[in-house]
Amino acid sequence: MKTVLDHIVIACAGLAQGSAWLREKLGVEPEEGGKHATMGTHNRLLRLGARQYLELLAVDPDADPPDHPRWFGLDERGIRERAAREPFLLTWVAATDDLDEATARVPELGAAQELSRGALRWRIALPEGGVLPFDGVLPAVIQWVEGHPCDRLEDRGCEILSLEWRHPSASDIAMTLQVLEFEAWDAVEAGPKRFAAGIRCPRGEIIVTD
């Protein structure tokens, strides 16, 4: 088993707001994503590599509210208020080739759920209550069953260069990433919480942060 970066998640109050922020920040237009009926959310996407992408994620105002918490803490008041002010880097998602093994090794990842949209099928582990483990510094873990968003996304000149993680519980996070066989587990630093991604784009090399 191994895990690798799959995508980073930008929380926004709405996709129009998120797209405007992305155009200003990176100088590119995101592509249409789709709806997640089970979660009451929708997204737009930007390719950052062969199998890496950026996801603009927002509550879908046209969807019926789910009877369970939305993923990635999107129901939390603090996250909604922050996103209303400006989109921000919320969390990240790591891809694994064996989600059952990942959740067996790290039960805190939560229960695996099977989801689909169009030609895409995937399984993702989500903690009970939609919480963000370690404030979003620890990723959600996904296993793609059929297709991948990058299969259809255009190369718009953007590439993810780096991730920076800092957290008061850095040793616990690093140990968890090591158990998941994530290669950069030792890059987690101790200190006040910070999560940042370096991206090369038409605007140059920019940093997006939590």
Side-chain angles (χ1 to χ4, degrees), residues 1-12 15 18 30-76 79-80 83 89-153 160 163 173 176-183:
M1 184 194 77
K2 70 174 183 177
T3 55
V4 297
L5 170 65
D6 189 74
H7 66 278
I8 58 175
V9 180
I10 305 292
C12 48
L15 294 184
E31 297 186 53
E32 290 297 325
K35 295 176 178 287
H36 314 109
T38 303
M39 293 294 169
T41 59
H42 56 172
N43 65 9
R44 290 179 184 168
L45 309 175
L46 176 69
R47 180 174 175 149
L48 296 178
R51 299 278 289 188
Q52 297 86 36
Y53 64 97
L54 177 153
E55 176 182 30
L56 294 173
L57 184 66
V59 172
D60 184 354
D62 297 325
D64 294 329
D67 59 2
H68 53 80
R70 293 178 175 89
W71 47 14
F72 308 138
L74 286 180
D75 289 316
E76 295 180 14
I79 288 177
R80 289 202 179 195
L89 182 57
L90 177 63
T91 189
W92 61 295
V93 179
T96 182
D97 54 4
D98 192 336
L99 187 62
D100 292 329
E101 178 64 20
T103 55
R105 293 186 187 187
V106 185
E108 295 80 7
L109 292 174
Q113 299 190 30
E114 297 189 9
L115 299 173
S116 64
R117 187 181 74 242
L120 300 174
R121 293 176 55 233
W122 69 95
R123 302 173 68 222
I124 187 169
L126 298 171
E128 186 176 358
V131 298
L132 286 170
F134 294 104
D135 307 306
V137 177
L138 189 71
V141 179
I142 194 170
Q143 181 175 13
W144 291 98
V145 177
E146 186 174 344
H148 188 275
C150 286
D151 294 341
R152 67 163 184 82
L153 294 176
I160 190 155
L163 290 177
I173 297 169
T176 301
L177 292 176
Q178 186 177 21
V179 168
L180 292 172
E181 299 186 30
F182 183 75
E183 288 187 356

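Everything quoted here is computed from the prediction, not taken from an experiment.
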For the backbone of S116 and the side chain of W122, can you confirm whether one donor and one acceptor N or O come within less than 3.5 Å of each other? no
Under 3.5 Å: donor-acceptor pair, side chain of R105, backbone of V179: yes
Heavy-atom check, side chain of Q143 versus side chain of D100, under 4.5 Å: no
Smallest separation among heavy atoms of P66 and G40, with atom names: CD-CA, 4.3 Å
Rounded to the nearest 0.5 Å, how far apart are CG of L153 and CG of L54? 10.5 Å
Mind checking whether P69 and E76 have side chains closer than 4.5 Å, heavy atoms only? no
Side chain to side chain contact (heavy atoms under 4.5 Å, CB included) evaluation trace for M39 with V59: CA-CA 8 Å; M39 293 294 169; V59 172; over 6 Å; no
Roughly how far apart are C150 SG and L45 CG, rounded to 0.5 Å? 8.5 Å
Kindly indicate whether the side chain of L177, heavy atoms from C-beta on, has any atom under 4.5 Å from the side chain of P139. yes
Indicate the ring-plane relationship of Y53 and H7, choosing parallel, tilted or perpendicular according to the 30° and 60° boundaries. parallel
Drop me the distance from R70's CZ to T41's OG1, to the nearest 0.5 angstrom. 7.5 Å
I'd like to check L180 versus L109 (side-chain heavy atoms, cut-off strictly below 4.5 Å). Are they in contact? yes
Mind running side chain to side chain contact (heavy atoms under 4.5 Å, CB included) on D6 and R51 for me, showing each step along the way? CA-CA 6 Å; D6 189 74; R51 299 278 289 188; 5.6 Å; no
Check: L56 main-chain N/O paired with N43 side-chain donor or acceptor under 3.5 Å: no
Answer yes or no: is there an ion pair linking R44 with E32, defined by an N-O contact shorter than 4.0 Å? yes
Is there a side-chain contact between H68 and T38 (heavy atoms, below 4.5 Å)? yes
Is it true that atom CG of D151 has more than 12 heavy atoms of other residues, nucleotides or ligands lying nearer than 6.0 Å? yes
Check against side chain to side chain contact (heavy atoms under 4.5 Å, CB included), V141 and V106: CA-CA 10 Å; V141 179; V106 185; over 6 Å; no
Non-hydrogen atoms of A140 and F72 that approach each other most closely: CB-CE2, 3.8 Å
CZ-NZ distance between R117 and K35, expressed to the nearest 0.5 angstrom: 11.0 Å
Once you round to the nearest 0.5 Å, how far does CZ of R80 lie from CG of L74? 7.5 Å
Side-chain touch L90/L57, heavy atoms, less than 4.5 angstrom: no
One should read off an interatomic distance between L99 CG and I142 CD1, to the nearest 0.5 angstrom, of 9.0 Å
Do the non-hydrogen side-chain atoms of H36 and L115 ever get within less than 4.5 Å of each other? no
Non-hydrogen atoms of A125 and T103 that approach each other most closely: CB-CG2, 3.7 Å
Contact check, side chains of E181 and E101, non-hydrogen atoms, under 4.5 Å: no
